[in-house]
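In the text below, chain A, chain B and the rest are named by the order of the sequence lines, each starting its count at 1. When reading the values below, keep in mind they use all heavy atoms of this one structure, side chains included, and skip hydrogens, waters and symmetry mates.
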Amino acid sequence: MKNKPVILCLEDEPEVRDAILRDLAPFKPVARLEAADHVEDAKEVLAASAAAGEPIGLILCDHLMPGISGVEFLVGLQQDPAYAQTRKVLITGQAGLEDTVRAVNEARLHHYIAKPWTAEELQATVRDQLTEFVLATQDDPTPFIGVLDGPRILEHIAATGRDK
Amino acid sequence: MNAAKQNKWLTVKSVGGILAIIFFFIPFFFPAEGLSVAGNRMLSIFLMAVALWITEAIPLHATAALIIMLNILLISNRALFSLPDDFSAPPFASFFATLASPILMLFLGGFFLADGAAKFKLDRNLAKTLLKPFGSKPANIILGMMLIVAVFSMFMSNTAATAAFMAVVLPVIAKLPEGDRGRAALALCIPVAANVGGMGTPVGTPPNAIALGALNAQGINISFVHWMAMVFPFMLIVLLAAWQFLVRVFPPSVKEIKIEINSTYDRSPQAILFYFTAGLTLLLWFTEPLHGISSAIVGFVPVVVMLSTRLISEKEFHSMQWSVLWLVAGGIALGSGVGATGLDEWLIGLVPWDNVPVAAVAGMLALTALAFSTIISNSATANLVVPIAMSLSVSLGDEMSRVAAAMFVAIGASLAMMLPISTPPNAIAYSSGQVKTKQMALSGALVGTVGLLVFILVAPRVWDLFGLMP
Amino acid sequence: MVTTRTLLERLHEPDETVEAHLVAELDRLLGQPARQQAAADEILFQQGEELGGVIILLEGQVKLYKMINEQEVVFHSQTVGRLLGLLALSGLAHAFFNCRTITPVTYLRISVESLDRALQHSEDLQQVFLTVIMRSMARRSTRLVELQAEVLALNKNLARERDALAQTLRELQQAQSLLVESEKMATLGHLAAGVAHELNNPIAAINRSADFLQADLQALTAELPEGGVFGEMLQRALTHKPLSSREQRARRTALAEVLDDDTWAETLVEAGLEDVADYERLVTGLTGSRAERVAQLGRYYQLGSALRNIKGCSQRIAGLVKSLRGYSRADQADAAPVDIHEGLEDTLCLFTNRLRAVKVEKQFAAIPPVHGHAGELNQVWTNLIANALDAMQDSGQLTLVTAERDGEVVVQVQDNGPGIPPAHQSRIFDVRFSTRQGRMEFGLGLGLSIVRNIVSRHGGRITVGSEPGCTVFSVCLPVAHQHSIPTRNPK
């Protein structure tokens, strides 16, 4: 598949990052996994993906990190129309109510996963969110049927699909 | 990062675009001998269309629009560069008129019925009702699914039919044990049935419309029910063969399969109005010999009814598959251009056909269509091959009618289903992860072979026997 | 002998003269009206009673009062004067007050008709009578003004007392919430200590199991024919410091450029392979397609990484548990020598999640132990650090300094936050002081009053110096101060 959407995992602790990436391995056939350990690095990933023409489909973001917080990063991202369709998920054990409310209101946060997470929970969330992204942005969502939310994509194709 | 990707500017699409330009100018610099000025110009357009439709350098419907424009600019009575006086240039409006060809109106009627069926969930409800008699034995269930999918894809797009029924089948597949070959049978039966079923009616799939459009341009009108009478029985044979193949080669290990489709018929006044409209349209289509109202005119009935009663909302109207209609129109324009400029005769003249048996010519046509459409879009294939097939049939005298020639191409295009990229239904089944490419190739090869044999060797005799050949 | 005087002259005569003159004139004109007697505490007339004349008091005292809210309210006793029933005479006809005798009295009761008659006959009487009335009324109205002033003064006192009461109530409530909060902390401390203790076993088991797994895995790998390379991958993952995401990406990019294949490069990097040479060296002994061979290597690398992560993380948990136990131990224990640095380290460890964006600088000198309660002192450090972090909004520099000076241990907690306004500096140790406007953060920042309380119970003192960009809290504690220190909650 050309120009796969990117799943960006922003997490400062290498052990946790490893675990998240391994849990996301099932999505590799339809998405490229990228990791960043702080916000500056995440911005590099965004720039590189933009240069390669790969859309950012999903950002999984921890909240407490050195430097800028995850919520701060997501809020900043919301200003950029290039990421208007990007799905934003907070995965954290430490965001307080205030931060979470801010993330929802100002960064249009789509989902919140509390640590510790389970593989099922994380995968279900990513599957849902990436499906949402794919249906909103891809002309032909067919290649995503097997890995993402098949029934929903089929429903979409049944309503819009055409013969060629 | 992505270093490799950045280096790959040499993509299929960019190559296609460059080739299209080169192809376009070849006849200008090296005109074909024995071909008129207009014929050479048309050859330019045709070569360019081949490059663009095969590589999809620009969207398929964009190529169609480009063909219509180039036809007008190069070979119509308003051509930018003057044409010899002995050439009677077709009026430019006739190329624009392809966008409103009667056959497109018929097709449009099909779109409206299909959209309505999806909107009121008639497809799934009917499927539930129709699937009941097939019990729960896997082989029977698969037969039932195939018949139902085929019937639905006769009226709606093959892609939509596949998507709708894959959603039903995938949960069933998930319950089969890992590695069960029955998974492949269940996952393959849907796209196969949809691809094959598309042949069944004029509105089943775009190649049919392209064939009918080309015939229509030459003054031959095939009614809805006439097409069905010619194709449907043989389509059933192909379908049954595919069924037997699937259940024998990929037999499910379980004794029983339960398919759950939970829904009930919509009984709102709107839904009932739709049922009535759909029923009336189908009835009129099936009874054309009795009343003589053209199926294109009948096809406009659901359009008018469903728009004026808002069964199809403005938003739904905007999101209709307009690109398909443009694609078909481009094909019709290409065909009529090829015919009007004598390009077809020149092309046919390149090969001494006299020594070739008719069946071999027919087989070759269908095989060409099949081979092309295995790789490229079915509609593009039909667009490119139908004009040639029809002039070929003319040059053969009375031995093969133009109807049969056009039909063989349309059917050949529909029979191509060996690769995931062959058709959108195949892509859907493949993307579900339940089918391997090898399995798909195997079933596709069988369907292709059986289909070609049945349609090339058996069908023409039966048509003659029942006087179906116009 | 009665001499005729002007009204002005009369007004200057003493009361006795005027009153004697009035009685003499009445006796003269009305022919000695009968003297009446009444005992003490007897009612002469009642509020609302029709009097029909005046009463002239010759001897004894009475009081004028009204019944208000079923209580006797005395308006005049000293200021009554000799003439009673004046208000009734002035047109009301009915008595305005109740009149009760205080001592036995002698009086004259003169009807309106008799009075009228006498007044018509003597101009002198008119003057005397007028004088008596005026004096009486003047005294009464003065008394009214005094009464009014008294009421005002009373009201003022009342308001003052009410304010004082409300203030006391507020203080009580604050003291109570502090108490509740510190009780909560104490409970939480006990709980934490318990949980920390419970966590020790599983953590020990995880730690040990990870070691066992590693040993067994290495042994198992060594038995395989390809054990060499697999063992190398395992070891590589176990010993290498994990790459940062940036390094990982750089490695992938470099490899992608060499291989001209992004996905393949990604696969190799994820399998722990460093470059093409590395890949070629490792896969030579393996069988299968190139993807399968790399997958085999990758599996061992992933195993090693997972094991390394388990070990690393369980050690982190073990460290946290140790700090938690150190922090919360011995709240109720007797005073003992306390290692200040241990307490500071434990406290910092428990603040890990708030210290991510904070640079912590520790300037620890060699200091002797302090005699006291470790748990309580930890509470001091917790409060000071929490306040510093609050002030810096969790990003900046936190400096902890320890030193020994003049037989005292000095601990300084310093932050580079905005500082404490001079106006607040003198009040921050007050029980009532808070800049948090009623917001109670659970567990932390209980208030500097508690801190000062603990420090002074340890025989030490706490001071603050603050300017924008530098706030220092200094705690001085006596070294080896052997006297017994009272615990906070004496049993």
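- Between B/Val409 and B/Ala382, the shortest heavy-atom contact is CG1-CA, 4.1 Å.
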Determine, step by step, whether B/Ile54 and B/Phe372 satisfy the side chain to side chain contact (heavy atoms under 4.5 Å, CB included) criterion, reporting the C-alpha distance in whole Å, the side-chain angles of both residues, the deciding distance to 0.1 Å, and the verdict. CA-CA 8 Å; B/Ile54 288 179; B/Phe372 264 78; 3.7 Å; yes

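- In terms of heavy-atom pairs under 4.5 angstrom with chain A, the leader among B/Glu316, B/His61, B/Met166 is B/Met166.
- A salt bridge links B/Arg124 with A/Glu155: the closest approach of a Lys/Arg side-chain nitrogen to an acidic carboxylate oxygen falls below 4.0 angstrom.
- With contacts defined as side-chain heavy-atom distances shorter than 4.5 Å, the pair B/Leu325/B/Phe107 qualifies.
- The contact between B/Ile428 and chain A is made by backbone and side chain atoms together, counting heavy-atom distances below 4.5 Å.
- Two residues are said to be in side-chain contact when any heavy atoms from C-beta on lie closer than 4.5 Å; A/Leu8 and A/Glu34 meet this criterion.
- Annotation: residues 109-120 of chain B contacts chain A through no residue [non-hydrogen atoms, separation under 4.5 Å].
- Neither the backbone nor the side chain of B/Thr423 comes within less than 4.5 Å of any heavy atom of chain A.
- With rounding to the nearest 0.5 Å, the separation of CG in A/Leu33 from CD1 in A/Ile20 is 11.0 Å.
- Across every non-hydrogen atom of A/Lys43 and A/Phe73, the tightest pair is CG-CE1, 4.3 Å.
- For the residue pair A/Arg108 and A/Gln78, no side-chain donor N or O sits within less than 3.5 Å of a side-chain acceptor on the partner.
- Taking non-hydrogen atoms and a 4.5 Å limit, the residue list of residues 187-200 of chain B in contact with chain A is empty.
- Not counting sequence neighbours, the partners of A/Glu132 by the salt bridge (Lys or Arg N to Asp or Glu O under 4.0 Å) test are A/Arg152.
- Salt bridge A/Lys115/A/Glu13: absent, no basic N to carboxylate O contact under 4.0 Å.
- Heavy-atom distances place the backbone of B/Met320, and not its side chain, under 4.5 Å from chain A.
- With sequence neighbours excluded, no residue forms a side-chain hydrogen bond (donor to acceptor under 3.5 Å, both in side chains) with A/Asp128.
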